[in-house]
Protein chains: 2
Amino acid sequence: MPAKKTIRDVALLAGVSPATVSRVLNDNPRVSAENRERVLGAAKALRFRPNTQARLLAGKRTSTLLLIHPIAGPLTWYFHLLEAGLLKGCGRNGFQLDTLMVFPDSPRRMAKILQPIERGTCEGVVLAAPFSDDPEIIAAVRASRMPFVIIAAGAETRALAAGVGMDDEAAGHMMARHLLGLGHRRFGFTLGLPDHLSAQERFVGARKAFAEAGLGEDAVVEAEGGLDFPSGFAAFNRIHDTGFKPTAVICANDESAAGAIHAARMHGLQLPGALNIVGFDDAPFARLLSPPLTTIAQTIDIMGTRAVTILADAIRKIERPYEMVKPRLVIRESSERVRDFAASAE
Amino acid sequence: MPAKKTIRDVALLAGVSPATVSRVLNDNPRVSAENRERVLGAAKALRFRPNTQARLLAGKRTSTLLLIHPIAGPLTWYFHLLEAGLLKGCGRNGFQLDTLMVFPDSPRRMAKILQPIERGTCEGVVLAAPFSDDPEIIAAVRASRMPFVIIAAGAETRALAAGVGMDDEAAGHMMARHLLGLGHRRFGFTLGLPDHLSAQERFVGARKAFAEAGLGEDAVVEAEGGLDFPSGFAAFNRIHDTGFKPTAVICANDESAAGAIHAARMHGLQLPGALNIVGFDDAPFARLLSPPLTTIAQTIDIMGTRAVTILADAIRKIERPYEMVKPRLVIRESSERVRDFAASAE
DNA sequence: CTGAAAGCGCTTACAG
DNA sequence: CTGAAAGCGCTTACAG
């Protein structure tokens, strides 16, 4: 195996001091263009890779970003994807990633979140939902002067901090338009959790689309729900029990849609054919359901990568607004043009 | 924020030199019991946490483990779980984790895998399937003298190296026994990929159980398949086209089972009721299918954590045999007692 | 803009 | 078994 190259080797080849090499590597502007060229050339020629450990040690930096996310039963795929995206961004930007899991309902959640920030074990923080929705937490983190970004935040906190998230209202609007375009006129809704604002906004958008299409209140039945399979199952049953016969049911997310699909089958409904069920997120399993699920994709991993860039800027005191990612409709077999079945539903 | 404690602070409080503190921290046996006690006590009192960067730099070690896994479309959940388990183990054992993705069919796969090993950018390697099934790769890695473990290997390579995996033959046997116990006597099989040995072994085990139950060759129809949704879909259709009417179809894994479920529905079969379909893995989405899938759980994350321990031992020259994890049957709604439907299948 | 020097927190021969 | 010292590869005031 070839001997490891160090900053000294590069300095020797470039004919400068190690300090100058270090400056070039760190984008320090106080280096002449000529020396910069030579150092870069020498580094490339030697295939020099700086030693991360040494950089961190000498720079007295942790170069560690901290992801704070909820301990939650469902949606593990969501956090896997988010983490994968963050890791990718960390790799590009020379950061490490630590993860802190917090119970969203714990009374000690604020202390839990603030502890690593006050100890200085990280240089920046990524707040995932539902923490990104909580103005108190945002205020406390901001007061600590620790750079941070929020992911998938609701309207209130979005105005307060940098971050990324999907435009959920647009997503809801897009899904409703899709179904309206297929001829649907009677809808069911299974709602998400009250404290998860982004799920709420999906329905705000959908309602707008219904109103624009001239549908009245009697065209829609909502049911309390949640973001997991059992919640979707129960919510569907609640709609069914009202006697109202929607031709399409919009679920808060894909997991609850899976539950709703199963509930609909238990009632002997043919899917699709007698009923359309759709979700949000384009979870990895959405295409594995029967029928494969029509849904709205949000590129969570890409959002994670983007979040690191925004956070890296925040660390350098570059301020940015919260960024809204455009939703994308993914049409699969679970939605289809309304033929005569609308009349014969069930 | 409290000042960071260093090894010097601990040495001062314990009344020894920093070198002694370092030895205690590294389990060096050449420290008197008395000094060990004092150092440990001082470290605890000061809440001392050694600086990883400095340790790695001074020790000239990378403390990095390398996971080599295939670039594959489906089964991403599998690698997420494996990685999560490995990361947990790395945390406990003071390792970092790098991941190298390799195309299993690339002609350059051997070179890709050997490169980081020869460069010495890691201290140990984790080989995931299908690389763990390849005797050539095993031999090459062994020849490099780099410590390594294999995950989910077939019988041939299992005898050659340390690692962890489920006992797939036992898993297949267990699933077949479950279905036989429910009264099933006519079976369909969708096979996995030919080069993924652990999937093959599942069927070896199942066939044994059928033979033990006195079933003949005519009780089973197999179809070429794969490990993803489309493969399962196609494999089911192939079985269906033969005219054979199984009461239960055993699929190579959960993703292909999802495809088979969808195919069965397209043929108008009621699930369950007219047909049982089961899978292997207990993937996170298995409970989200309609019907929720009966399957065999393998604790992939725990296997990952265990793999790090085994690899850490290998690095210390402690040899271990390949470990087989016991499968666990997860019964959900997709399997049920055969009533009269066996006769009226379809 | 540039270099010499000190230092980041730890490990490890070396000498005892 | 123990300590003084050198050094891991880099960064950053400091002085110019």
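A, B, ... follow the sequence lines: proteins, then strands. Residue 1 opens every chain.
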Pairs satisfying salt bridge (charged side-chain N to carboxylate O under 4.0 Å, His left out), at least one member in residues 56-65 of chain B, at least two apart: B:Arg61-B:Glu123

Quick one: A:Asn28 CG to D:dC10 C1', roughly how many Å, whole number? 14 Å

Expressed as a whole number of Å, how far does the P atom of D:dC14 sit from that of D:dC10? 24 Å

Please list all pairs meeting salt bridge (charged side-chain N to carboxylate O under 4.0 Å, His left out) that have one or both residues in residues 154-164 of chain A, counting only residues at least two apart or in different chains. A:Arg158-A:Glu201

Taken in chain and number order and not counting sequence neighbours, the residues that satisfy side-chain contact (heavy atoms from CB on, under 4.5 Å) with A:Asp167 are A:Glu169, A:Ala170, A:Met324, A:Pro327

Applying salt bridge (charged side-chain N to carboxylate O under 4.0 Å, His left out), can you list everything that pairs with A:Arg49, at least two apart in sequence or on another chain? none

Please identify each residue that fulfils side-chain contact (heavy atoms from CB on, under 4.5 Å) with A:Thr121, with sequence neighbours left out. A:Pro116, A:Arg119

Length of the line joining A:Lys5:NZ and D:dC8:P, which is rounded to integer Å: 15 Å

Between C:dA5 and C:dC1, how far apart are the P atoms? Round to whole Å, please. 23 Å

A:Leu57 CG to D:dG7 P: how many Å, rounded? 17 Å

Exercise: do A:Arg23 and A:Asn35 side chains pair donor with acceptor under 3.5 Å: no

Interatomic distance where CG belongs to A:Asp9 and C1' belongs to D:dC8 [whole Å]: 14 Å

Nucleic acid contacts of residues 31-48 of chain B, taken as heavy-atom distances under 4.0 Å to DNA chain D: B:Val31, B:Ser32, B:Asn35

Quick check for you: to the nearest 0.5 Å, what is the distance between A:Phe148 atom CZ and A:Cys122 atom SG? 12.5 Å

Residues in salt bridge (charged side-chain N to carboxylate O under 4.0 Å, His left out) contact with A:Asp133, at least two apart in sequence or another chain: none

Reading DNA chain C 5' to 3', what string of ( ), [ ], | and . shows its pairs, if Watson-Crick and G-U wobble pairs count only when both distances fall under 3.5 Å? |||.||||||||.|||

Residue set satisfying side-chain contact (heavy atoms from CB on, under 4.5 Å) with B:Arg108, at least two apart, ordered chain then number -> B:Ser106, B:Lys112

Whole angstrom value for the distance that separates C1' of D:dC10 from CD of B:Gln53: 12 Å

Please report, rounded to the nearest Å, how far the C1' atom of D:dG9 is from the CG atom of B:Asn51. 14 Å

May I have all residue pairs that pass ring-ring contact (aromatic ring centres under 6.0 Å, His included) and include part of residues 22-49 of chain B, sequence neighbours excluded? none

The contact string for nucleotides 11-16 of chain C, one letter per nucleotide 5' to 3', using protein heavy atoms under 4.0 Å with B, S and - for base, sugar-phosphate only and none, comes out as BBB---

5' precedence on DNA chain D between A:Arg8 and B:Ser17 (nearest-nucleotide basis): B:Ser17

Set of residues satisfying side-chain contact (heavy atoms from CB on, under 4.5 Å) with respect to A:Ala139, sequence neighbours excluded: none

